[in-house]
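Pasting a structure below so you can have a look.
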Amino acid sequence: WPPNEPVEAIFARSDAHLRQAHRSAVEAVSQWSIYDVPRGPEEAPESGETSQFFFNASTGESRWTDPRQCVEFDLRQRHAILCGCIAAH
């Protein structure tokens with residue numbers, strides 16, 4: 001944003017950006033389903049620490065890690081970057 005832009009306008013633009021990112025994150029997470037891991041050592045991940053796996057029916061992707069963690073990390077990073085930019089303004 002331009003150096004002479006009012007802080008209120010920067011707040012509004014930042015808020016709009018974060019709200020849009022949040023809507024996109026909610027949509028991305030809503031496509032995932034959580035399933036309990038079947039009993040038996042051949043079905044569990046190598047670490048053996050999790051009792052659930054995640055499946056995205058839209059893409060066919062499955063994973064042992066919770067997809068919400070990636071989305072949450074992205075939203076926290078966006079927030080921190082915008083806060084830093086606003087503080088520097």
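Hydrogens, waters and symmetry mates are skipped; everything else that's a heavy atom, side chains included, is used.
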side-chain hydrogen bond (donor to acceptor under 3.5 Å, both in side chains) with Glu27: which residues, sequence neighbours excluded?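 With sequence neighbours excluded, Glu27 shows a side-chain hydrogen bond (donor to acceptor under 3.5 Å, both in side chains) to Gln31, given in chain and number order.
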
Point-to-point distance, once rounded to the nearest 0.5 Å, from OG of Ser62 to CZ of Phe54: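 Here the interatomic distance stands at 11.5 Å.
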
Less than 3.5 Å apart, which donor and acceptor atoms pair up between the side chains of residues 5-15 and the rest of the protein, not counting sequence neighbours?
from: Glu5; atom 1: OE1; to: Arg13; atom 2: NH1; distance (Å): 2.9
from: Glu5; atom 1: OE2; to: Arg13; atom 2: NH1; distance (Å): 3.1
from: Ser14; atom 1: OG; to: Ile10; atom 2: O; distance (Å): 2.9
from: Asp15; atom 1: OD1; to: Arg19; atom 2: NE; distance (Å): 3.3
from: Asp15; atom 1: OD2; to: Arg19; atom 2: NE; distance (Å): 2.8

Mind checking the OG1-CH2 spacing from Thr59 to Trp32? Nearest 0.5 Å is all I need. 5.5 Å

List in chain and number order the residues that pass side-chain hydrogen bond (donor to acceptor under 3.5 Å, both in side chains) with His22, two or more places apart in sequence or in another chain; answer none if no residue qualifies.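 His22 satisfies side-chain hydrogen bond (donor to acceptor under 3.5 Å, both in side chains) with no other residue.
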
Between Leu18 and Leu75, is any pair of side-chain heavy atoms under 4.5 Å apart? no

Where at least one partner belongs to residues 76-89, residue pairs that pass salt bridge (Lys or Arg N to Asp or Glu O under 4.0 Å), sequence neighbours excluded: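 Those involving residues 76-89 are Glu72-Arg76, Asp74-Arg78.
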
Please enumerate all residues that pass side chain to side chain contact (heavy atoms under 4.5 Å, CB included) together with Cys85, with sequence neighbours excluded.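 Per chain and number, Cys85 pairs via side chain to side chain contact (heavy atoms under 4.5 Å, CB included) with Trp1, Ile81.
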
Are side-chain heavy atoms of Arg63 and Phe55 found at a separation under 4.5 Å? no

Partners meeting salt bridge (Lys or Arg N to Asp or Glu O under 4.0 Å) with Arg23 (sequence neighbours left out): none

